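Notes follow the structure.
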Amino acid sequence: MPYTYEYPRPSVTVDCILFGFDEGELKILLIQRGGEPFKGMWALPGGFLDIDSDPSLEYAAKRELEEETGLTNVFMEQLYTFGDSGRDPRGRTVSAAYYALLKLSDYQKVQAGTDADNVRWFGLSEVPKDLAFDHEKIVAMAIERLKGKVRYQPIGFELLPEKFTLSELQHLYEAVLGVELDKRNFRKKILKMDLLIGLEEKQEGVAHRAAQLFEFDKKRYEELKAKGFNFEV
């Protein structure tokens, strides 16, 4: 006798929160919905799990992201599962949310695809007040997760260009944490960690005095992490 479910099954969706950093501001990628519900409202990229062809939730998230924004090869980490009743007017829906940190220089070209009329990067200060579904809640949780991780892991370097200045690094941490950091103390802590490679190069095309450029030493970080090193700003 084939097994049957005793309880009705909810629909499963995936939502993608992509963070970038540009001009001293943390940014997220949003799409403008092309269909109901919430037609015309801004939302996170995402959609329904195809139970017949999606082998995993992560696969579904990457598929939906590519279909709606054109972005590919994005490494994403699962954030949380959202399943409050009423979050989707079409019926009971459970969403697995994924987030990613991107270098905007590598992902500037986004293009609206299926179910999306528009797609663009928003600075956190300009994100629309009302997002579709419960996406405001998802974005808020992702920001809190980012704030927690950035204090203890060098994930901030994933948002910067390969070569950056100490000022750019400080501005990134200030944008993520939402606080102003003391310049001298920040630089002292960062340089003491011995995780940066100082380059002979300096900024180009700037009106002020050109600052030295640095690179993140990933190999050195892995060596220190194996010994129990904690990255804390």
Side-chain angles (χ1 to χ4, degrees), residues 11-82 87-88 90 93-128 130-143 145-146 155-164 172 175-176:
S11 298
V12 178
T13 62
V14 288
D15 290 303
C16 306
I17 308 98
L18 274 59
F19 289 106
F21 181 74
D22 187 39
E23 297 180 348
E25 187 170 21
L26 195 64
K27 297 190 174 185
I28 63 171
L29 188 67
L30 297 176
I31 65 162
Q32 190 172 34
R33 289 182 56 79
E36 297 292 352
F38 305 111
K39 180 178 173 62
M41 293 182 65
W42 290 94
L44 296 169
F48 285 94
L49 170 75
D50 187 329
I51 60 175
D52 294 321
S53 61
D54 288 334
S56 67
L57 288 170
E58 183 178 349
Y59 180 94
K62 291 183 177 181
R63 173 183 56 76
E64 284 289 342
L65 182 63
E66 181 177 1
E67 289 177 0
E68 294 189 340
T69 70
L71 296 182
T72 59
N73 301 318
V74 176
F75 173 78
M76 291 187 284
E77 181 178 342
Q78 191 169 119
L79 171 69
Y80 196 73
T81 302
F82 298 83
R87 64 179 304 273
D88 191 324
R90 293 168 294 190
T93 304
V94 175
S95 178
Y98 287 79
Y99 75 103
L101 310 179
L102 306 179
K103 290 181 173 63
L104 275 185
S105 58
D106 298 334
Y107 294 93
Q108 286 284 5
K109 294 182 179 180
V110 291
Q111 184 174 356
T114 59
D115 302 324
D117 283 342
N118 195 5
V119 57
R120 57 169 283 204
W121 288 98
F122 283 84
L124 290 187
S125 62
E126 59 176 356
V127 171
D130 296 317
L131 299 179
F133 305 102
D134 58 350
H135 289 184
E136 294 170 55
K137 180 179 179 180
I138 297 177
V139 170
M141 181 172 286
I143 292 172
R145 174 70 64 83
L146 187 59
I155 61 174
F157 296 105
E158 298 177 36
L159 293 164
L160 290 171
E162 183 178 349
K163 301 175 183 180
F164 52 86
L172 167 62
V176 172

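If you're wondering where the values come from, they're calculated on a predicted model, not measured in any experiment. The first residue in the sequence is number 1, and the count goes up from there. In what follows, every heavy atom counts, from backbone to side chain, and hydrogens, waters and symmetry copies are set aside.
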Do you know the tightest heavy-atom contact between [X] and [Y]?
| X | Y | result |
| --- | --- | --- |
| Leu18 | Trp121 | O-CZ3, 3.4 Å |
| Asp88 | Phe48 | OD2-CZ, 4.4 Å |
| Cys16 | Ala61 | SG-O, 3.5 Å |
| Tyr59 | Ser53 | CE2-O, 4.3 Å |
| Leu124 | Glu25 | N-OE2, 3.7 Å |
| Gly20 | Leu159 | CA-CD2, 3.9 Å |

- Item | Chi angles and distances behind the side-chain contact (heavy atoms from CB on, under 4.5 Å) call for Ile17, Arg145 | CA-CA 12 Å; Ile17 308 98; Arg145 174 70 64 83; over 6 Å; no
Atom pair [atom1] ([X]) and [atom2] ([Y]), whose distance is rounded to the nearest 0.5 Å:
| X | Y | atom1 | atom2 | result |
| --- | --- | --- | --- | --- |
| Thr69 | Leu30 | OG1 | CG | 11.5 Å |
| Arg90 | Thr13 | CZ | OG1 | 8.0 Å |
| Lys103 | Leu160 | NZ | CG | 7.5 Å |
| Lys27 | Phe122 | NZ | CZ | 10.5 Å |
| Leu71 | Gln111 | CG | CD | 10.5 Å |
| Ile28 | Ile138 | CD1 | CD1 | 11.0 Å |

Please check if the number of heavy atoms outside [X] that lie under 6.0 Å from its [atom1] is greater than 12.
| X | atom1 | value |
| --- | --- | --- |
| Gln78 | CD | yes |
| Lys137 | NZ | no |
| Glu23 | CD | no |

- Message: Between Lys62 and Glu66, does any NZ, NE, NH1 or NH2 come within less than 4.0 Å of an OD or OE carboxylate oxygen?
- Response: no
- Could you walk me through whether Val14 and Leu65 pass side-chain contact (heavy atoms from CB on, under 4.5 Å), step by step? CA-CA 10 Å; Val14 288; Leu65 182 63; over 6 Å; no
- Task: If the plane angle is over 60° it's perpendicular, under 30° parallel, otherwise tilted; pick one for Tyr80 and Phe82.
- Result: perpendicular
- Once the angle between the rings of Phe157 and Phe164 is folded into 0 to 90°, is it parallel (under 30°), tilted (30 to 60°) or perpendicular (over 60°)? tilted
- Item | Test log, rule side-chain contact (heavy atoms from CB on, under 4.5 Å), inputs Arg120 and Val110 | CA-CA 7 Å; Arg120 57 169 283 204; Val110 291; 5.8 Å; no
Does the side chain of [X] reach to within under 4.5 Å of the side chain of [Y], using non-hydrogen atoms?
| X | Y | value |
| --- | --- | --- |
| Lys39 | Asp117 | yes |
| Val12 | Leu57 | yes |
| Trp42 | Asn118 | yes |
| His135 | Asp15 | yes |
| Val74 | Tyr107 | yes |
| Ile31 | Asp115 | no |
| Leu131 | Met41 | no |

- State whether the side chain of Arg33 and the backbone N or O of Pro37 hold a donor-acceptor pair below 3.5 Å, judged by distance alone. yes
- Query: Does the pair Leu29 and Leu102 meet the rule for a side-chain contact (heavy atoms from CB on, under 4.5 Å), with working shown?
  - Reply: CA-CA 10 Å; Leu29 188 67; Leu102 306 179; over 6 Å; no
